[in-house]
2 protein chains.
Amino acid sequence: MNPAERENDDAARAADSRLVQDFGLLIKAATRLEQRIDTALRKECEVSHTMFEVLIRLCRRPDEEISQRLLADDLTLTSSGITRLIDRMEGAGLVRRVPAPGDRRSVLVEATDHGRAVFLRAATVHAQVVERYFVAPVARADYARLTHALGEIDKALRDT
Amino acid sequence: MNPAERENDDAARAADSRLVQDFGLLIKAATRLEQRIDTALRKECEVSHTMFEVLIRLCRRPDEEISQRLLADDLTLTSSGITRLIDRMEGAGLVRRVPAPGDRRSVLVEATDHGRAVFLRAATVHAQVVERYFVAPVARADYARLTHALGEIDKALRDT
DNA sequence: AATCAATTGCTGAGCAGTCAATGATTCCCT
DNA sequence: AGGGAATCATTGACTGCTCAGCAATTGATT
């Protein structure tokens, strides 16, 4: 077997490995799931999935102060990404910018009444899709393991 | 409790629900994982994660005919997305377009020697990151369940 | 107290994808 | 055989992000 043939062979083996397949599956499943949610939310509630994720944080505890910085870290966006996202959400009347009392560099974000109303409608759509494509396909016994595993992965990623 | 207060309360409850959290975790973990891989591959091998996913398919079985259409479906991209991706990969010399023998509408894609060489280097980088952030954090017993669950989710998404 | 470093949000330029429309080919049906 | 519908790849116009650089503010050190 000449060197070129061996290289082909090595490549084929690497491409066929268990790990590569499994990892690919995780990415693919997550991507498809997010696309599904996103189109459903856009069609029925005129919000993107990303905007929905912002509204989740803002509605969870209305008294909590949430800065753009915090949102960026939590959604894995850059600060400029968040600036533009909040721009659009403000333009759509979902959200309001408020200067942070303790730090004049920072900008707090809070949901408007309209934002909360949209969030409530979106949450039911969200729940339907999640129920159908995330909860239903997974055996009851596996669900807890799945979420636990995801938590560990997230932790490992955050720690470095 | 007046109507506005009730709405706030409903919103807070919805934002706090188990399902919302769990689902958010899946998306976040997958996103972070993909970003991690992507930057590692870009830095050390000058390929994006998406390009790497293409190379996996092309190297797995060198005799197999792979069209742009097939790639698009498999990577959940649109046909125009694939056209542009293959444009860039062709420009980088990783890949070659070949007219499909049986169907003159279709275009087959195959890896060049350079593409296979890059893939081999990228695969070791990929394996390191996957090992560290995907395999290591998940308990041995959970791993099989996790991949099985992901497979079921993917199946549910594909069937509709 | 003064300075230097770090953090926060914003802007211009660029990149990687989408959507809608198009031309070329193939499939299906009668 | 012929005509309409479907399928494939491509392009132009757009979107939503990133990156690099900025000004304003804050923190840390001496």
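A note on names: the letters A, B, ... follow the listed sequences, proteins ahead of strands, and every chain is numbered from 1.
- No salt bridge links B:E90 with B:R96; every basic N to acidic carboxylate O contact stays at or beyond 4.0 Å.
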Take B:R145 and B:D142, measure what salt bridge (Lys or Arg N to Asp or Glu O under 4.0 Å) needs, and give me the verdict at the end. CA-CA 5 Å; B:R145 304 245 187 184; B:D142 290 353; over 6 Å; no

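- Residue B:T50 places none of its side-chain N or O atoms closer than 4.0 Å to OP1 or OP2 of C:dA16.
- Atom CG of A:L77 is separated from atom P of C:dC10 by 14 Å (rounded to the nearest Å).
- Counting to the nearest Å, the P atom of C:dG9 and the CZ atom of A:R104 are 15 Å from each other.
- Taking every side-chain heavy atom of B:S80 into account, D:dT10 is the closest of C:dG17, D:dT10, C:dT26.
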Walk me through whether B:Q68 and B:S79 qualify under side-chain contact (heavy atoms from CB on, under 4.5 Å). CA-CA 7 Å; B:Q68 292 194 179; B:S79 59; over 6 Å; no

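- Taking the six-membered ring where the residue is Trp, A:F134 and A:Y143 present perpendicular rings, their angle passing 60° and hence far from 30°.
- Note on A:T78: a side-chain N or O is less than 4.0 Å away from OP1 or OP2 of D:dT18.
- Distance from the side chain of B:R105 is smallest for D:dC8 among the nucleotides C:dC10, C:dG9, D:dC8.
- For the pair B:F52 CZ and C:dA16 C1', the interatomic distance rounds to 19 Å; values are reported in whole Å.
- C:dG17 atom P lies 10 Å from atom CZ of B:R84, rounded to whole Å.
- Listed nucleotides C:dT7, D:dG16, D:dT10 differ in distance to A:R88; the shortest reach to its side chain belongs to D:dG16.
- As a whole-Å value, the separation of A:I82 CD1 from D:dT18 P is 9 Å.
- A straight line from CG of A:L108 to C1' of C:dG9 spans 12 Å, rounded to a whole angstrom.
- For A:R42, whose side chain is taken as the heavy atoms from C-beta onward, the closest listed nucleotide among C:dA16, C:dG9, D:dG16 is D:dG16.
- Whole-Å rounding puts the A:L70 CG to C:dT7 C1' distance at 14 Å.
- Ring pair A:H49/B:F23 is perpendicular by interplanar angle, where above 60° counts as perpendicular and below 30° as parallel.
- Checking A:G81 against A:D103, the closest nucleotide of DNA chain D that is more toward the 5' end is the one next to A:G81.
- In this entry the distance linking CZ of A:R69 with P of D:dA24 reads 20 Å, nearest Å.
- Taking the nucleotide of DNA chain C with the nearest heavy atom to each of B:S48 and A:S79, the more 5' of the two is matched to A:S79.
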